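Chain A is the first sequence line, chain B the second, and so forth, proteins listed ahead of strands; every chain is numbered from 1. Note that the coordinates shown come from a computational prediction; the quantities given were computed from them, not determined experimentally.
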Amino acid sequence: MVLPHDLCSHVQNAFRARHARISVPHTVQNLAILSILFRAGFLSSVTRGTPDQPSPIEFHAAAENQKRIWADLKYRDDRPVLTGMSLISKPSKPMYMSASEIRRICSGRRAQNIKPLGMGEIAVVKTKDREHEWVEAREAVQLSLDGEVICRAR
Amino acid sequence: MASIARKVLYSSLRCGRAAPSTSQIVPATTFVRHSSSNVPQTSNEDGDLEIEGGFPNLMTPDPLMDLHDSEVFPATAKYPYESKVIVRNDPSMFKAYQNILKEKYGVTQEELDKQAIGKETTDPFWFLPIDAKYRQSMHQYTMISRRVTKQTGKGKIHRVGYFIVVGNGSGLVGYGQAKHDEPTVALERAVFQAYKSMDHVERFEGRTVWTEMEDKMGATRIILRPRPVGFGLRCSPTMHPIFRAAGIKDISAKVWGSRNPMAVMKLLFRMLYSGNAPLGMGDGIGGVGKKLEKGSGMRGKDDIQRERGRKLINVWRA
């Protein structure tokens, strides 16, 4: 299992290098985190594809290890929309929070030594819920879900 | 972010042509500075603004201001379209204009300005569109006034240095530094620089910063935190006047590392302004980015909503 850190650094570096789009391996984790970024407005589109190009049709014909997810990056006024994306839960110290603790970091107070989310900042939470497994921090608060707080993006 | 302060302050400046007269030298392109009270402005029957000498004709290209270098790159195999790169104002048209004045007419811009104004003046604010009454209504704080010394072979040369902060108490703030043998002259120049450098500060509810901010410049590190109504300015005495001048009323601020006043103030200004750093900190042309313009600065909720195309919703403490 590849750590979420891989995706965090890939996305952050691509934005800083002003790339138009990125391609990452097709895994549930990557798809979930990129969808949350897309819903939050950091990416313009998330598509399935092959290593050559984003194409949902050719995706089906590709082998398992040749499947990719493509994400189009967003820029405005010559500035990247996403300035930083970093891990919260690390292998050396996993971060599991209850719903009330997640609500604390969403409302500007720290919990478990994790800095609160600033204005416009999001956090990705992985829960044990079967229907809503990967959610954004504020969605977890609304659904009253506990989970592992994976990463933050601003 | 566009500098709203500069638009507000300079809105009454007119880049027009001086009234031609036989005693005056008028080059084809004239960068003439007027103070607001001296520009002859009238309104005609339709309510349109008229200016003495007329507005410049923008339909014909001006040899100085519209001059540019351009290069056309033909289509290649990899990129099948022709592309053109246009570079404007490099080298600066103002420097080119000064050279033309010197070589062709034998005058300097200062002499032309004095002709336009029509009187000799020692007021350093004569060509900024603000008067003494406006200046009295502003916050002005002398942050540093000190004697600086240069040791030469002939002895010590003493000068006075000032660091002034100026602000209108509701979103505009600037700082200026100057040194001179005479304190009065140094103070005037510093205040003038402060007014020139004024820029807009984004505030949440007009009273505090938007989000927790942390920044570092050299060995100085500052953390700013937004706070609720009535909290007050809980910060170091160096930062307090700057927040007062900017119109920030509630804040929690901490300086870590070096507390050198100059460094703290300059870093604070860099954090408060909305950011003027060029793309990738230069050099896409125009030079390398400046340390004091680094960062994206403070950006409000509107900016973030616009760039993401999403609304930011609050999670209330239910």
Are A:Y96 and A:V149 close enough, and set up right, to give a side-chain contact (heavy atoms from CB on, under 4.5 Å), and what steps lead you there? CA-CA 6 Å; A:Y96 300 97; A:V149 186; over 6 Å; no
Should B:R308 and B:Q305 count as side-chain neighbours, where that means a heavy-atom distance under 4.5 Å? no
If we only count heavy atoms from C-beta on, is the A:M95 to A:K90 side-chain gap below 4.5 Å? no
For chain A, which residues of residues 230-256 of chain B have heavy atoms nearer than 4.5 angstrom: none
Do B:H139 and B:V166 have side chains that approach each other closer than 4.5 Å (heavy atoms only, starting at C-beta)? no
Just to be sure I understand the criterion: a residue of residues 111-132 of chain A counts if one of its heavy atoms is under 4.5 Å from a heavy atom of chain B. Which ones qualify? A:K115, A:P116, A:G118, A:M119, A:G120
Using a 4.5 Å cut-off on heavy atoms from C-beta on, say whether the side chain of B:E82 contacts that of B:V72. yes
Is there a side-chain contact between A:F15 and A:M85 (heavy atoms, below 4.5 Å)? no
Is it the case that A:S107 and A:R109 place a side-chain donor and acceptor less than 3.5 Å from each other? yes
Just wondering, do B:L224 and B:L268 contact through their side chains at under 4.5 Å, heavy atoms? yes
Side chain, backbone, both or neither: which part of B:R225 has a non-hydrogen atom closer than 4.5 Å to chain A? neither
Among residues 209-219 of chain B, which ones touch chain A with a heavy-atom distance under 4.5 Å? B:W210, B:T211, B:E212, B:E214
Taking the six-membered ring for Trp, are B:Y79 and B:Y81 parallel (under 30°), tilted (30 to 60°) or perpendicular (over 60°)? perpendicular
Beyond-backbone contact of A:P91 with A:L3, side-chain heavy atoms, under 4.5 angstrom: yes
A:R79/B:R299 under side-chain contact (heavy atoms from CB on, under 4.5 Å): CA gap, chis, key distance, verdict: CA-CA 12 Å; A:R79 279 206 196 123; B:R299 297 160 76 235; 3.5 Å; yes
On a heavy-atom basis, the closest approach of A:E148 and A:S89 is OE2-OG, 2.7 Å
Side chain, backbone, both or neither: which part of A:V81 has a heavy atom under 4.5 Å from chain B? both
Heavy atoms of A:C151 and A:C8 approach each other most closely as CB-SG, 3.7 Å
Quick one: are B:H68 and B:V87 in side-chain contact, heavy atoms under 4.5 Å? no
Could you tell me whether the side chains of B:Q193 and B:Q177 share a donor-acceptor contact shorter than 3.5 Å? no
Could you give me the CA-CA distance, side-chain angles and deciding distance for B:V201 and B:R203, then say whether side-chain contact (heavy atoms from CB on, under 4.5 Å) is met? CA-CA 6 Å; B:V201 168; B:R203 298 168 298 156; 4.1 Å; yes
A:R68 side chain to A:I22 main-chain N or O, any donor-acceptor pair under 3.5 Å? no
Checking heavy-atom separations under 4.5 Å from chain B, one finds in residues 25-50 of chain A A:F38, A:R39, A:A40, A:G41, A:F42
